[in-house]
Each structure stands twice: as structure tokens, then as C-alpha cells.
Amino acid sequence: MPAGRDPFVTEITPRSEDFSRWYTDVVRRAELADYSPVKGSMVIRPYGYAIWELMQASLDARLKATGHVNAYFPLFIPESLLRKEAAHVEGFAPEVAWVTHGGDEELEERLVVRPTSEAIIGTMYSKWIQSWRDLPILINQWANVVRWEKVTRLFLRTTEFLWQEGHTAHETEAEAEAEALRMLGVYKEFAERELAMPVLDGRKTESEKFAGAKVTYSIEALMGDGRALQAGTSHNLGQNFAKVFDITFQARDKSMQHVWQTSWGMTTRLIGGVIMTHGDDSGLILPPRIAPHQTVIVPIPRGNWRETVLPRAREIEQALTAAGVRVVLDDRDVHTPGWKYAEWEMRGVPLRIEIGPRDIAQSQVMLVRRDTRDKSPTPIDGLASRVTALLGQIQQDLLDRALRFRNEHTMRAGSHDEFVQAFQGRPGFVVAPWCGGDACEASIKAELQATIRNLPLEPTPASGDCLRCGQPGQTDAYFAKAY
RNA sequence: CGGGGCGUGGCGCAGCCUGGUAGCGCGCCUGCUUUGGGAGCAGGAGGUCCCGAGUUCGAAUCUCGGCGCCCCGACCA
């Protein structure tokens, strides 16, 4: 490669040139996922799946810590069950996959492949719940779901995807509301701590809420191209499903009551979110906490390096492993060090350790950060604790950087003119007063393709009159173009 | 679902207009020399030209139909 300012990695379309092509290049070149022979469905490759497993493990621990238990419900749902809740069917009917035959025989009743599991779980809850003593029920399931999408993107929107869906039933309305908000908080903390992805938590408008919910809450993240990504949702279902699925219990006062329910989910889409939050022209940048390889060791082959350099590299590998660092030693001799640098950078490994004869002579290694490319010679003595500290620092810096980006790309609009002007560029989030009317929300969407991502959780008076109709504002809203 | 683009060794593409031996770069295999930011030389393997019909002596190329993917718009995690 020629010297100078050429990019280190040349196999990826630059982010600034074509963001969506950059995204696809990163997913494929980093071997996170690949297209499959099934339309709209992708294969999550081992490296991508390893990220998902790390995300799963830490989210699952949080769900357990908040009292939830895992279970598994059927993939197929009888048509009649899905149809019970009117708003729910209406919302999902256009995108369900139908099973009409078993072998050669046509089924008596068609089955849907679950787009979500409220119907089947509600049916079971009505069998399991009799008394207030059975409550609350706090069940989560890790599963695949299918939604027949017309347009698909790797990770962001595929016909089949993996997720976690929590389904709870409570004695009181207040308890259900508290649960929905509590899980929203879990999602926010998870996104920010594990994924270094800052999110706005808030409430969805009527038109954007989950089909069948009373209230939907969401966390919304800002991607590198200024578009928002819904990163998790939590619903207060009220008694909507309890009424149609007949989920009743005898209350403390001996009366029969319907339970109050919640549901909440997070998906493999978040992997797409991580890519678009942190990545750069050289490819992926993974937050250390979800990086399958947190550190790669690249030995520099010189002379009889297998006798001189490699043993030292192995010692370092062992020391780091013992210290709990996920480390990989790249001792392949078919590739040059430079090739390996580029390759592992593209795959987002947060930290690289270079070790060659010159380093060994000085009892040091070269530490190179993926996010800043800062190089620092570091003594081999005490390396593990230095690496651990640096990984923590990188995790923090990624969050700080993403937060700074979001702050720089969040603006206020006090008037319709300011608002329109903002959306002619790539503003990110725009905070503006809204009257609360569907019509204004819809007309802005039609005009500017900008939607209300969510509304602040804490009810605060609007900062002015509705940017659309000029009537008194009811609340400020977060607008953005969304994925 | 509308508008546009593209389907040719694993990947990226040329060839198509004007029908006649399938080609280039990267990757892959073997060997030697190398290795501190995607190494060099030599030799080699690898193809239903997306699928199906049609026109023709002859189709990657022309015609019709289908499928898939990408991008931009309406619905969704």
C-alpha cells in the first residue's frame, strides 16, 4: 500500500460517501452476517452470533436480577387466538406468515408463525392464574419471530429475527405501569453500559404505539447518519389482552378481576445499532463489553520468530486470559502484520497488542486502540491490569463520544420554519412543541418524513405553540427521521 | 407495494450496443524468498455467464416471462 493519508482499510465504502452501502459492507466484510437463499432472511455468522451471545448473557442477567424467569412458548399460533384482540390483529395481520398445510393435508385452522407472543402467552396465563397469590407472573422468552417485511436490511429489518420478549401479569394497574417503566430503565442502562449507546427514553404517541397496548415506551438511539433507531420497547398493555383472553384472578377483596399486563422486547437489531453508532471508515468498532475478541495479539515475524517472539506472545495471551480478557493470538504466518492490523480493525477489535523483537528487547509491547488509533509502548510487566484498565477506558470513551455526537445533533425548533429548515439537513433529533394532535403528527411525517420518536417521560409544559398548527403546545416531542 | 439500478469463477468487475475461442484484478492452491500498516516471484486450480422459454447454423450478448439483490419513496423492531 502506498504511504500517506490513504485509509487503512480499503475494502469498505467510506461512511461519508454512502452510509447504507458502508453499513452493508461492514456487516459482510466483518463476517457478522450474510444473505441467505431465503428472501429477506439472513444468516448470522459466528462472529455476529458471538456478539449476540454476549448481549444475551448480560441482558439475561439483568432480567433474572429483576425477578424474571425464562420459558418457551410455541412458534405457531392458531389464527383464532391472534384474532381475539382487535387492535392487535389489525396491527400485525399485514405481516404475518401463515401455515396452511401439515404434510399433504390442509389444516382445519390456519396457524400464524408468531410475530410476537402476546396471544399464545395470554392464553396460557388464563389457565395458570386464579388468585392474587399467583401474581405477579414475570416470564421472559428468548425466541425467533417472523414478520413478513417488504423491505429488509441486514440486522435492522429481516423477515425472521431473534429477540427477547418479556410478558408479565400484575394485580394492579400501578404495578403494571411500574413494571413497564422499570424494564424501560433496564433497557436504557443495558444500552448505555454494555453497548455504549446513549438512548432517549420516552413514551410513544398513539399512532406509533404497539398494536394492542395502552401505552408504549421506547428507547431511541441516534445513528451516525443522523437517523434514529428504535432500540427497545416496553408496553403497558392495561387489561386489553386480559379481557379478551379471560385472564382473571380472585382479588384480595374476593372480587374477580382482570390482570394488568406488560410486554417488552429487544432484538438482534441492536447489533445494527452498535455498528451504526460506533463504526468508522475502517469498519466496525466494538465496545469492549460485547466484543468477542477484546484484544488481538499480533506477533511480528522476524528471523526465527517462532522461537523468539511467539513464546512471549503466548505468555501474554495466557496472562490476559487469566485476567479475564477475551484475547486472540493471531499467529498465522500466511499474512503480514499489516494485513492483520487492517483485518482486525475492520472487525472492530477494541485493542491490539503488537509484539516484535524490538519490543522484547525492551520488555514492552505496543498497545494500539481501535477507536483512536493511539499507540502506546507498555511494559510487559503488569500488562494485564493495564489492558483491563484500557478496555474500561475505551468503553467509557465510546459512550462519551456517542453522547457528544448526539448532543451535537440534537436541536430545538421553535417554529415551523426552523423545523423545516432543520430537516432539510441531517439534524438528528429535533425537539419541538406539539399540540398532541394526530393530524399535525401525520402531516409532518408526510411533508418531511420526520416522525415523533417519543415524548419526554417527565411531563413538562411545551416550550411554545405547536410547530404545525400553532395551537398551544401540549408537550415537547423528539422528532427524527427513523430507520 | 411504486420508481430506478444490478445479476458473468469465492469477491469486485469488463465483455452485451454490433451474436462466433469466456476475460481482468483480488482471493484460493503449490514452492521459494519475505514479514514493524493489506509482501514479491514462479507455477496452478476454479465457470449451468441468475432461471425458463423463444429467435438463430450458432446466444453471456437479441426478444419475452420469471426470480433474486441493492438504492430511493408509502408500512414496521
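Atoms considered below: every heavy atom in the structure, side chains included; atoms not considered: hydrogens, waters and symmetry mates. In the text below, chain A, chain B and the rest are named by the order of the sequence lines, each starting its count at 1.
Using a 4.0 Å heavy-atom cutoff across all strands shown, Thr158(A) reaches at least one base atom of the nucleic acid. Across all strands, Leu156(A) comes closer than 4.0 Å to base atoms (heavy-atom distances). Counting non-hydrogen atoms under 4.0 angstrom, Ser218(A) reaches nothing in the nucleic acid. At the heavy-atom level, Val298(A) lies nowhere under 4.0 Å from the strands shown.
Phe190(A) does not carry Arg62(A) over the face of its six-membered ring by the limits of under 6.0 Å from the centre and within 45° of the normal. Figure legend: Arg157(A) and Tyr483(A) shown without cation-pi pairing, the cationic atom not lying both under 6.0 angstrom from the six-membered ring centre and within 45 degrees of its axis. Seen from the ring of Tyr217(A), Arg203(A) does not count as a face-on cation partner, given the 6.0 Å and 45° thresholds. Cation-pi contact between Arg28(A) and Trp22(A): absent, since separation from the ring centre below 6.0 Å together with deviation from the ring axis within 45° is not met.
Of the candidate nucleotides rG37(B), rG36(B), rG73(B), rG73(B) has the atom nearest to the side chain of Gln449(A). Considering only the side chain of Glu149(A), rC75(B) comes nearest among rC72(B), rG36(B), rC75(B). Closest to the side chain of Lys150(A), from the set rC1(B), rC72(B), rG37(B), is rC1(B).
Applying the salt bridge (Lys or Arg N to Asp or Glu O under 4.0 Å) criterion to Arg312(A), with sequence neighbours excluded, gives Glu315(A). Taking the salt bridge (Lys or Arg N to Asp or Glu O under 4.0 Å) definition, one finds that Arg114(A) meets it with nothing, sequence neighbours left out. For Trp52(A), there are no side chain to side chain donor-acceptor pair (under 3.5 Å) partners at least two apart in sequence or on another chain.
Taking the P atoms as reference points, rC62(B) lies 9 Å from rC16(B), given to the whole Å. Distance check on atom P: rA53(B) versus rC13(B) gives 29 Å, rounded to whole Å. Taking the P atoms as reference points, rU21(B) lies 26 Å from rC26(B), given to the whole Å. Rounded to whole Å, the separation between the P atoms of rG23(B) and rU30(B) comes to 25 Å. Spacing of P atoms, rC17(B) relative to rC50(B), comes out at 15 Å, to the nearest Å. On the P atoms, rG54(B) is 32 Å away from rG12(B), given to the nearest whole Å. Taking the C1' atom of each, rC51(B) and rC41(B) are spaced 43 Å apart, rounded to whole Å. Taking atom P on both nucleotides, rG68(B) is separated from rC32(B) by 49 Å, rounded to a whole Å.
Atom CZ in Arg21(A) sits about 9 Å away from atom C1' in rG12(B), given to the nearest Å. The CZ atom of Arg332(A) sits 14 Å away from the C1' atom of rG27(B) (whole-angstrom rounding). Atom-to-atom, CZ of Arg153(A) to P of rG73(B) comes out at 11 Å; the value is rounded to the nearest Å. Distance CG (Asp18(A)) to C1' (rC71(B)): 8 Å, rounded to an integer number of Å. Taking atom NZ of residue Lys209(A) and atom P of nucleotide rC75(B), one finds them 18 Å apart after rounding to whole Å. One can place CD of Glu95(A) at 14 Å from C1' of rA74(B), the figure rounded to the nearest angstrom. Summarising the geometry, the separation between CD1 on Ile12(A) and P on rC11(B) is reported as 17 Å, rounded to the nearest angstrom. Atoms CD (Glu447(A)) and P (rG73(B)) sit 15 Å apart, rounded to a whole Å.
One cannot find a donor-acceptor pair under 3.5 Å joining the base of rG36(B) and the side-chain atoms of Lys375(A). You won't find any donor-acceptor pair under 3.5 Å spanning the side chain of Arg147(A) and the base of rC76(B), going by distance alone.
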Exercise. If the sugar-phosphate is the primed atoms plus P, OP1 and OP2 and the base is the rest, what is the B/S/- string for nucleotides 41-50 of chain B, using protein heavy atoms under 4.0 Å?
Worked result: ----------

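With a cut-off of 3.5 Å on both Watson-Crick or G-U wobble distances, the partner of rG9(B) is given as none. Across all strands shown, rC28(B) pairs with rG44(B); the Watson-Crick or G-U wobble distances both stay below 3.5 Å.
A donor-acceptor pair under 3.5 Å is absent between the side-chain atoms of Lys64(A) and the main chain of Val69(A), judged by distance alone.
Contact annotation: Lys445(A) reaches the phosphate of rC75(B) (side-chain N/O to OP1 or OP2, under 4.0 Å).
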Distances under 3.5 Å only, N/O to N/O: pair up the protein atoms with those of nucleotides 67-69 of chain B.
from, atom 1, to, atom 2, distance (Å)
rC69(B), OP1, Gly40(A), N, 3.2

Show me the protein contacts with nucleotides 33-35 of chain B, counting only N or O atoms at under 3.5 Å.
from, atom 1, to, atom 2, distance (Å)
rU35(B), O2', Pro301(A), O, 3.2

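Ion pairing between Arg370(A) and Asp280(A) holds under the 4.0 Å rule for side-chain N and carboxylate O.
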